[in-house]
Every structure is written in structure tokens, then in C-alpha cells.
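Chain letters run A, B, ... following the sequence lines, proteins first, then strands; residues in each count from 1.
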Amino acid sequence: MFTSSRVSSFHRHMKTHANEKSHLCHLCLRTFRTVTLLRNHINIHTGTRPYKCGDCDMAFVTSGELLRHRRYKHTHEKPFKCSMCKYASVEASKLKRHIRSHTGERPFQCSLCSYASKDTYKLKRHMRTHSGEKPYECHVCHARFTQSGTMKIHVLQKHSENVPKYECPHCATIIARKSDMRVHLRNLHTYKATEMKCRHCSSVFHERYALIQHQKTHKNEKRFKCKHCNYACKQERHMTVHMRTHTGEKPFTCLSCNKRFRQKQLLSVHFKKYHDPSFIPAVFECPKCGKGFSRWVVY
DNA sequence: AATCTACGCGCCCTCTGCTGGTGCCAG
DNA sequence: ACTGGCACCAGCAGAGGGCGCGTAGATT
């Protein structure tokens, strides 16, 4: 509802409801209500921008645009201040948009899903996820992207020579993307309240990277040491067999002659040699000492 | 009525950061 | 051969900057 204390303003406003557009642009045949609007419009055709910025090459059709430009680029004057944080803006509409980040208000509802946006642009951008539209094309490999920023990163990482790299301050790992570095730091270098145990010993850690580094120290380590002699080995099963040399235990018995063995393999060799009819005895005889061998061996 | 000025809306852009799928590699 | 972990990668949303342009208030 329009109200005004001035008759002139009222009359002018009423003209906005009338379709009377008597001022014709002779370049595109578009019509305007006032001569000022027509003049501004013609300035767009002719490129006439009377309001020039004194600090850069920009020029504008109206003085208001110039003032706003100067605030953005040169004076940095931000008259619109947020009452809830330090944010300040050049334009009131920007403050209004910013305040939605405090209130959580999302006036722009997607018609196809539950998503709602705080501003029109985000909704428009979101709609590409439904349409499948990918407006941005890589000029090198012609891959297509939904957002310009995604394409920019793609070109930088895939087609640029001086690819930026991010080095982890804790472990010197090189990672291509800043956001991935955050993931790396979160997964490997953040303190965790719950203890992480070493899979080889009783050590515990609160940082995953420290655990991994520690576990590497166990690699090639002969962790199983005999308490009776100098013997050491990597696997527990080897130590079990070795211990029988100290205990005298011989758990494997030959069913044919009751001879006992410490290892299953020794029993197997014994059985084949003495009780298996298909066993081929030594056929290659040493020409010097006469000892027989089952295989031909060159010394 | 014409003009200047301030305001509001809309559009487009960039920067930022999180997420989940994927391929590779070590265990 | 299988599995879990990690860097790589594209998809996607949040926040904010900058400008075009129409309209209303104020002034000439």
C-alpha cells in the first residue's frame, strides 16, 4: 500500500500503475514512464557513464551507483551494522541477508525437495542438482561442473604447473587441497579421549598418527624372545616349536613305529622315508664318498 | 516537473569448507 | 584375496562482495 504526504509523489506513484509509457527509446523501441528513466536507459546503449570514479577506471550511470562503488572499493564505509555481531555492510539488503544467518530464516523453498535457502541465488544454484545442469566447462579437458569454484579447483589441480600444496605441520605429509588437509589433521592429529592400543604391545595413544608411527617400530622386530637362550623370532608359532627344545615335549607320534617328534613336519618326513611304499630312496650316489641322495645336487 | 539521492531487489560472482565416493596401498 | 585407511576428487551449501536498475523521498 503506497502512502505519501506529498501530492506530487502520489501523482508520480499513480503513473506506475498506469501503462502510460510515452518515452520511447529509438534504439530498441522500449518505452519508459519518465524522461530520466529513458535517459538512463539510453546511457546503457551508448555506454555513457557520466559519474566517473576518481580512484579507478570505473564509471556509472547514476551518482548513487558511484557512491556505492566507492564505499565497496575505496572508502570501505559500511553504514549498516549488525546488532548481534561485528558484521557491517555497504548495503542494507546485505545486512538483511546476513541477519538470516543469525535467525536461521530460509524464505526460499525448493519446489522439488525439502531444501530451503536464505537467498535466491543459493536456491537457483541448488536447482541444478535437480536439473543436472553443468554450466561450467573446463577449457582443457571439457569436463563439466555444476559450480564455477569446483571447475576452478579442477583446472588448478589437473592442468596447472604450479599446483599449490599443503604440508602438514605435524608429519610433513603433502596434501593437494586445504580442505583435505583439515580432514587429515582431524583424523590423524587430533587428541582423542579414548585410548588407542598398539596391536603388538601394551602401549596406548591418544593420537592416531602417533599410534601408527609406533606400530611401524614393531615391523621386522623379533618380538618373541626365548627366556632360556638367545633365540628370537617374529611369529609366536615359531617360538612355540622352539620351546619344545627346552621342555623336551614331542607331541607328534608316528602311528607305525611310535617314534615321537617335536614338529609335525619332521614326522611327515620320517613317515615318508620309512613307512611310505611309494617313497623313492636315494638314487644319486656321490662318486667320492658313496653317500646316496634322492635329488641330483651340484656342489 | 525535473533532478538528485537513498533505498530495495535481483543477479552473479568468489571464497570457503564439509561430505561422500573412489582408487591405491599396506597389512 | 581381502580389508581398512587415506589422499584425491567432484558435488554441494554457507557466507559475503559487487553491480544493474527501478522506485520513492527530497530538493530544485
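A pairwise comparison of heavy atoms in A/Ala88 and A/Lys78 identifies O-CD, 3.4 Å as the closest pair.
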* To do: Please lay out, stage by stage, how A/Glu91 and A/Arg68 fare under the test salt bridge (charged side-chain N to carboxylate O under 4.0 Å, His left out).
  => CA-CA 8 Å; A/Glu91 297 176 82; A/Arg68 186 176 58 178; 3.0 Å; yes

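A heavy atom closer than 4.0 Å to some atom of DNA chain B occurs in A/Tyr136, A/Ser148, A/Lys152, these being the qualifying members of residues 130-152 of chain A.
Of the candidates C/dC21, C/dG17, B/dC4, C/dG17 carries the atom nearest the A/Tyr72 side chain, counting heavy atoms from C-beta on. Across C/dG5, C/dG18, C/dC8, the shortest atom-to-atom separation from the side chain of A/Glu91 is found for C/dG18. Candidate nucleotides C/dA7, B/dC9, C/dG14 were compared by shortest atom distance to the side chain of A/Lys96, and B/dC9 ranks first. Proximity note for A/Leu67 (side chain, C-beta onward) versus B/dC12, B/dA6, C/dA13: the nearest is B/dA6. Of the candidates B/dC13, B/dG8, C/dC21, B/dC13 carries the atom nearest the A/Tyr121 side chain, counting heavy atoms from C-beta on. In the set C/dC19, C/dC6, C/dA15, the nucleotide with an atom closest to the side chain of A/Phe60 is C/dC19. In this structure, the nucleotide among B/dT19, C/dG18, C/dA13 sitting nearest to the side chain of A/Lys94 is C/dG18.
Taking atom NE2 of residue A/His154 and atom P of nucleotide C/dC8, one finds them 16 Å apart after rounding to whole Å. A straight line from CZ of A/Arg100 to C1' of C/dA15 spans 13 Å, rounded to a whole angstrom.
Counting non-hydrogen atoms under 4.0 angstrom, A/Ser179 reaches a base of the nucleic acid.
A distance below 6.0 Å separates the ring centres of A/His69 and A/Phe60.
For the side-chain contact (heavy atoms from CB on, under 4.5 Å) criterion with A/His74, the lone passing option out of A/His76, A/Glu77, A/Arg71, A/Arg70 is A/Arg70.
For the 3.5 Å distance criterion, the side chains of A/His154 and A/His159 qualify, holding a donor opposite an acceptor.
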